[in-house]
Amino acid sequence: MSKIFQSIRAYIIPVKLSEYEVGAYTHLIEKHGGKKCVKQGESTHIFTILKSSTRISRNVESHQVPVIDIQWIRDCDKKQQLLPIETYTIITDRKKLRSSSSDHDALVPSLSLLTTSTATTSISSGSNTDILNRRFKDSPPEDLPFSDESGSTRRGEGENVDLAPGFINTKYECLRPTPYEPKYNKKLVSLLLLLERKRQIDNELKRSLSYRHAISAIKAYPREIQSSKEAEKIIGVGSKIAEKIKVFLHTGTIEEADQLRYDEEFRTISLFNKVFGVGATTARIWWELGYKTLQEVLDNAKLSTTIKLGIELLPDFDQMMSQQDVKEIIDIVTKEVVSINSECFVVPVGGYRRGKTKNGDVDLIISSKNAENMRGFLNKLTQRLIEKDYLKHKLWHSTDIKNLAHAERPSSVGGRQQFDNFEKCFCAFLQPSTGIHRQVDLICVVNPDELATAILGWTGSRQFERAIRDYAKKEKNMSLNSQAIHFEQNGKKNRFVVHSEKDAFDIIGMPYLEPEFRNC
DNA sequence: TGGCTGTACTG
DNA sequence: CAGTAC
DNA sequence: GCCA
DNA sequence: CAGTG
DNA sequence: CACTG
């Protein structure tokens, strides 16, 4: 029995917590000399598992006391000491707000303050704030990603109607190697990518997906396509897309796609859509509200904190990383991980592992052969990275409730789930050499059994993951996610033991594909 | 004509 | 739930 | 939009 | 958030 | 208003 919580009178917001969980937290508080109170009015701190401040506000009577992430209790217990409460504070109390800013915080800020003081562009240092003011009216057309014209110089459809020998014609992209950059049909692929994106921002998800299938197939196709008949034999290319290919073979372009390269609406919505937290719907709403640049959105729209952050970070996040940049970050994180626990290790996944030369983010899996090492690890790690000034913002992080169930097992009922679900944290990481914020996704794999499937799942590509899960389900009656492979047999779920990535391919019964060829 | 990866957080 | 993220 |  | 009771 | 999907 310690005294670290001696001066704490805690109120726990019961929402989203089971009775058992409330009991477990109460136990922790009392174990360290704190008191739990039933009435908020008598408390010095309010604890909650909720993340949304609006949601929290509904459960808080008055903001006289700070609202703290309940995780703090667990972390203090683990470390047996009072941890700095600031990073866990979700809502600061009145007194603190008073001292730092204006009197009535909840009331509307005056007009003058709104436009001028919002220029707290403290984030951008070595970044091109240019992108925030980018607008597309009368601007030069968008570049095509794979625009090597050399293949499409000779116009017109050829005679050849047969598929290229050696091409694996399947609806499952995961069964054939797909390079990141196509060798052939580059311009066609670039144009189809525009159409895919158009369907996507129009929220035509199924159509978008269809283009994705066709694009993957064509990227993997081992020669220039010579006729639309040939194209239509490719599984994933149906009558509509074949028709577009036919036009492309005759004219060297696809009207609808080429137009998009100049289209102000399309390009503006596409840009908005790059912001973390902004999907097709929000992007279009902004467009319909008349915003033409992100700066206008920033100045005038009411934004959640995540999206505001997302916009402010875009000038940095939009700058692609070389493999050297990625290595630098991997080395830093690895060093910190190992110094916390030398048995832990880092596995780079994502596009970097697939050999992409330019990457928009860094995905890192952190694990250990010993599950015990991993309990609460991500919190330790992020805290260190914050202290060392690498980690600047958490864009998103998961809450691992099952970890608690495990930690408190002695008093818990036996049949509790294993502590599966990873802890994840997507953050803005300041790269020292360039001063640019990079999106780093940290994924903590607690259970060693889950490592292989986690690596498989986080290596991607997105399309590869869809295909392999679809294949496992439809063809093998197995279900795959980033934690396990299951096989159903007379209503019983059996979990396979997956020792390695190769093992996973064997279990599913498909040929192994090196990460470089999973760029579907 | 149904289904399109599977799962978790936020508002 | 709809929207978003991986 | 495409496949089964 | 929008919808429900 | 408190809660749910």
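Sequence lines set the chain letters: A, B, ... in the order given, protein chains first and strands last, and positions in each chain run from 1.
With sequence neighbours excluded, the residues that form a side chain to side chain contact (heavy atoms under 4.5 Å, CB included) with A:Arg207 are A:Arg199, A:Glu204. Partners of A:Thr382 by side chain to side chain contact (heavy atoms under 4.5 Å, CB included), not counting sequence neighbours, listed by chain and number: A:Leu378, A:Leu391, A:Lys394, A:Cys425, A:Leu442. Considering only residues two or more places apart in sequence or on other chains, A:Pro177 meets the side chain to side chain contact (heavy atoms under 4.5 Å, CB included) condition with A:Ile168, A:Leu513, A:Phe517. By the ring-ring contact (aromatic ring centres under 6.0 Å, His included) test, A:Phe345 pairs with no residue at all, sequence neighbours left out. Every residue two or more places apart in sequence or in another chain that forms a side chain to side chain contact (heavy atoms under 4.5 Å, CB included) with A:Pro145 is listed here: A:Ser190, A:Leu193. Among residues two or more places apart in sequence or in another chain, the side-chain hydrogen bond (donor to acceptor under 3.5 Å, both in side chains) test is passed with A:Tyr172 by A:Glu475. Annotation: ring-ring contact (aromatic ring centres under 6.0 Å, His included) contacts of A:Phe276 (sequence neighbours excluded): none.
Nucleotide B:dC4 holds its C1' atom 17 Å from the CZ atom of A:Arg199, rounded to whole Å. As rounded to whole Å, 10 Å separates atom P of B:dC4 from atom NZ of A:Lys171. Residue A:Leu205 contributes atom CG, which lies 17 Å from atom P of B:dG3 at whole-angstrom precision. In this structure, A:Phe426 atom CZ and B:dT10 atom C1' are separated by 14 Å, rounded to whole Å. Rounding to whole angstrom units, CD of residue A:Gln463 and C1' of C:dC6 are separated by 14 Å. Protein atom CZ of A:Phe317 is 18 Å distant from nucleotide atom P of C:dT4, rounded to whole Å. In this structure, the CD1 atom of A:Ile285 is 13 Å from the C1' atom of C:dT4, given to the nearest Å. Atom OH in A:Tyr172 sits about 12 Å away from atom C1' in B:dG3, given to the nearest Å.
Looking at A:Gln259 and A:Asp263, their side chains never come closer than 4.5 Å, going by heavy atoms from C-beta outward.
If you take atom C1' in F:dA2 and the same atom in C:dT4, they sit 26 Å apart, rounded to whole Å. Using P as the reference atom, B:dT5 and D:dA4 are 14 Å apart when rounded to the nearest Å. E:dC1 and B:dT10: their C1' atoms are spaced 10 Å apart (whole Å). E:dA2 sits 10 Å from B:dG11 when the C1' atoms are compared, rounded to a whole Å.
Within the nucleic acid shown, A:Ile241 comes within 4.0 Å of sugar-phosphate atoms alone, with no base atom in reach, counting heavy atoms only. Within 4.0 Å of A:Ile235, counting heavy atoms only, lie sugar-phosphate atoms of the nucleic acid but no base atom. Using a 4.0 Å heavy-atom criterion, one finds that A:Leu480 contacts the sugar-phosphate atoms exclusively. Counting non-hydrogen atoms under 4.0 angstrom, A:Lys206 reaches a base of the nucleic acid. Using a 4.0 Å heavy-atom distance criterion, A:Gln439 is classed as a sugar-phosphate-only contact.
At B:dG6, none of the side-chain N or O atoms of A:Gln483 fall inside 4.0 Å of OP1 or OP2 (strictly under the cut-off). Taking only side-chain nitrogens and oxygens, A:Lys474 never comes nearer than 4.0 Å to OP1 or OP2 of B:dT5.
Taking every heavy atom of residues 273-283 of chain A and every atom of DNA chain D, no pair lies under 4.0 Å.
Interface limits on DNA chain D: the 5'-most and 3'-most nucleotides within less than 4.0 Å of chain A heavy atoms are D:dG1 to D:dA4.
Comparing A:His213 and A:Ser304 along DNA chain B, the residue whose closest nucleotide (by nearest heavy atom) sits nearer the 5' end is A:His213.
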Inset, instruction - Step by step, work out the salt bridge (Lys or Arg N to Asp or Glu O under 4.0 Å) result for A:Glu312 and A:Lys392. - result: CA-CA 13 Å; A:Glu312 288 168 348; A:Lys392 293 303 202 178; over 6 Å; no
Inset, instruction - Take A:Asp470 and A:Arg466, measure what salt bridge (Lys or Arg N to Asp or Glu O under 4.0 Å) needs, and give me the verdict at the end. - result: CA-CA 6 Å; A:Asp470 199 24; A:Arg466 289 171 156 185; over 6 Å; no
